[in-house]
Amino acid sequence: MPPSVPSLPRRVARILRTSLFAQVAVALVLGIVVGKLWPDFASDLQPLGDGFTRLIKTIISPLVFCVVVVGIAKAGDLKAFGRIGLKALIWFEVASTLALIIGLLAANLVQPGSGMNVDPSTLNSAAVDAKTGGGSLPSTTEFIVNAIPTSFIGAFAENELLQVLILACLVGAALLHLGHTKVPKVLPAIEQAQEIIFAVVGFIMRLAPIAVFGAMAVLIGQYGLGVIETYAKLIILCYAAAALFIALLAVALKAVTGLSLWKFLRYIREEMLLALGTASTESVMPRVMQKLRKAGARDDAVGLVLPTGYSFNLDGASLYLSIGTLFIAQAVGVDLSLGQQITVVLVLMLTSKGMAGIPGSAFLALSATASSLGAIPAGAVALLLGVDRIMDSMRVVTNLLGNCVAVFAVSRWEGALDLEKAKRVLDAGEADPEPGTDPALEPEEAENPIAAVPTQKAKETASEAS
């Protein structure tokens, strides 16, 4: 007798139960509907997205520390780790500069702000101060000094990723220096802590649909869909420029590694949708690190390149800043010369490196650029207040893909990429299933993931039998 085919409702229910991608997609749509129909209620859902992001942030620093320490200790070559860091910085600088240039060329070609004829005196510059909290971007010297930790515990408590990276490098170097004979229990303990952290990530990710629902409802409830019509030309230009940059990333990845960016995008589709919904790349950083490791990138390359990229390689932000600067100038009727536009690139090359983790950092960078030119009123930055949140999706996708491509490219450059494994995983388009979500399990096992995991006694018995 042929097996019975499950009915459509059963198949849909199964997909919703087992697929995080489907859960997040449904939550995204529901969030848009709630934000549109009940905007007042939607504004009260802010804690859903914020709470999820806070949970993820609690584990980023210890995860980065464990991955980097284990990567250095297992690689056994501190010089190779230094080369990875240097090559990553070179890649970051080239990529972010290219993004800035593409943004400037696009803004000059399309002229998104021309014809607006805005009077800067009518703009409320106080709204920008409220957005940025009266803060400022650090100078280059401050940025370098702030990267040096003053306290081992403080670096973790304040989630300062660059400080955590430095501490991890020091600890990894110390393990290499002492050798496994003098401290035989330290490295296994850190490896076990890393596995615990990844398990915690799995627990937290089950809350992702709730976070996406809340974040999207708040966005639509606060800004509505009308702002898209007002800034349509600017929005379309930014997204088109981002698409062009991502296409160039795909070409670069294919040329350097032979891998397909589109297959990689399918591989991380759940994380990408979550990042879009929460407008945060930090919310998916632990899972992306895990997937890059499963796709053949060596631990030390993943542990160093990806977290460093979160501070140094903000390609999407670079695109937005260059286009935004020219949009503001065009809107207030200021014609920037070639020399001034070159100055824009040079200033943004510096200011974009200190943006990560600073509230309203895009407006601070735009204000700093306007001040350095002396031709654009600082208050004109307020023109972008209404559209900034809509640009988050473009920035998130471009930043995340840019950093992932950097991991693969630098890993290949340094010989730290298992290319056959990477192709096999990306061709399959799936990561290893999480406990309780494997469709191959029997229904009772899927409901009870503990029952699907053999006990240590059973493993030993099977081993003896073989």
Side-chain angles (χ1 to χ4, degrees), residues 6-38 41-42 44-60 197-221 263-292 294 392-393 396-397 400-401 404 425 428-450 452:
S7 63
L8 180 59
R10 281 179 174 270
R11 292 201 299 270
V12 172
R14 184 181 183 83
I15 291 172
L16 288 175
R17 188 175 70 250
T18 60
S19 172
L20 179 63
F21 178 83
Q23 294 169 6
V24 172
V26 170
L28 195 70
V29 174
L30 289 177
I32 293 174
V33 171
V34 170
K36 178 65 176 177
L37 298 179
W38 302 286
F41 170 71
D44 296 330
L45 300 177
Q46 184 75 40
L48 296 180
D50 290 348
F52 178 82
T53 304
R54 288 168 73 98
L55 281 173
I56 287 291
K57 284 184 176 181
T58 60
I59 57 176
I60 288 178
I197 294 170
F198 277 127
V200 173
V201 171
F203 298 150
I204 296 175
M205 288 300 292
R206 296 183 183 278
L207 302 174
I210 299 174
V212 170
F213 168 73
M216 189 54 59
V218 171
L219 169 62
I220 301 301
K263 289 181 179 179
F264 176 74
L265 188 56
R266 182 183 65 174
Y267 175 59
I268 62 164
R269 58 188 180 276
E270 295 173 353
E271 290 73 23
M272 186 61 71
L273 195 58
L274 173 59
L276 283 170
T278 59
S280 169
T281 53
E282 285 186 338
S283 64
V284 298
M285 181 178 175
R287 283 266 299 214
V288 171
M289 289 181 71
Q290 191 176 24
K291 284 198 167 182
L292 286 169
K294 289 181 179 179
D392 279 343
S393 298
V396 162
V397 172
L400 185 57
L401 287 179
C404 290
V425 170
E430 297 289 344
D432 295 337
E434 295 178 9
T437 63
D438 190 348
L441 296 176
E442 294 297 325
E444 59 269 19
E445 291 176 327
E447 294 295 331
N448 183 9
I450 297 177

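Position 1 is the first residue of the sequence; numbering continues from there.
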Exercise for review: Check the pair Tyr267 / Leu292 against side-chain contact (heavy atoms from CB on, under 4.5 Å), numbers first and verdict last.
Suggested key: CA-CA 10 Å; Tyr267 175 59; Leu292 286 169; over 6 Å; no

Exercise for review: Hey, could you give me the CD1/CE distance between Ile59 and Met285, rounded to the nearest 0.5 Å?
Suggested key: 10.5 Å

Check your understanding: Mind checking what makes side-chain hydrogen bond (donor to acceptor under 3.5 Å, both in side chains) contact with Asp44, not counting sequence neighbours?
Key -> none

Practice item. Can you see which heavy atom on Leu273 is nearest to which on Ala25, and at what distance? Key: CD2-N, 3.5 Å

Review point. Which atoms form the tightest heavy-atom contact between Lys294 and Val425, and what is the distance?
Key: O-CG2, 3.5 Å

**Study point:** For Ala275 against Leu400, the heavy-atom pair lying closest together
**Key:** CB-CD2, 4.5 Å

Check your understanding: Which is it for Ile210 and Phe52 under the side-chain contact (heavy atoms from CB on, under 4.5 Å) test, yes or no, and what are the steps along the way?
Key -> CA-CA 8 Å; Ile210 299 174; Phe52 178 82; over 6 Å; no

Study note, to complete from the structure: Between the OG atom in Ser283 and the CG atom in Leu55, the distance rounded to the nearest 0.5 Å is 11.5 Å

Check your understanding: Between atom CD1 of Ile56 and atom OG1 of Thr58, what is the distance when rounded to the nearest 0.5 Å?
Key -> 7.5 Å

Review point. How many angstroms lie between CG in Leu265 and SG in Cys404, if you round to the nearest 0.5 Å?
Key: 10.0 Å

Check your understanding: Okay, side chain of Lys57, backbone of Glu282: is any donor-acceptor separation there less than 3.5 Å?
Key -> no

Practice item. Please report the closest heavy-atom contact between Pro286 and Ile60, naming both atoms and the distance. Key: CG-CG1, 4.1 Å

Review point. Which heavy atom of Arg266 sits nearest a heavy atom of Arg269, and at what distance?
Key: O-NH1, 2.6 Å

Practice item. Could you check Met272 against Leu401 for side-chain contact (heavy atoms from CB on, under 4.5 Å), going step by step and ending with a plain yes or no? Key: CA-CA 9 Å; Met272 186 61 71; Leu401 287 179; 3.8 Å; yes

Exercise for review: Could you tell me the separation between the CG atom of Leu274 and the CE atom of Met205, rounded to the nearest 0.5 Å?
Suggested key: 4.5 Å

Check your understanding: Hey, what do you get for CZ (Phe213) to CG (Leu207), rounding to the nearest 0.5 Å?
Key -> 14.5 Å

Exercise for review: Compare every heavy atom of Gly35 with every heavy atom of Ala42, then report the nearest pair and how far apart it is.
Suggested key: CB-CA, 3.8 Å

Exercise for review: Apply side-chain contact (heavy atoms from CB on, under 4.5 Å) to Val284 and Ile268, showing your working.
Suggested key: CA-CA 10 Å; Val284 298; Ile268 62 164; over 6 Å; no

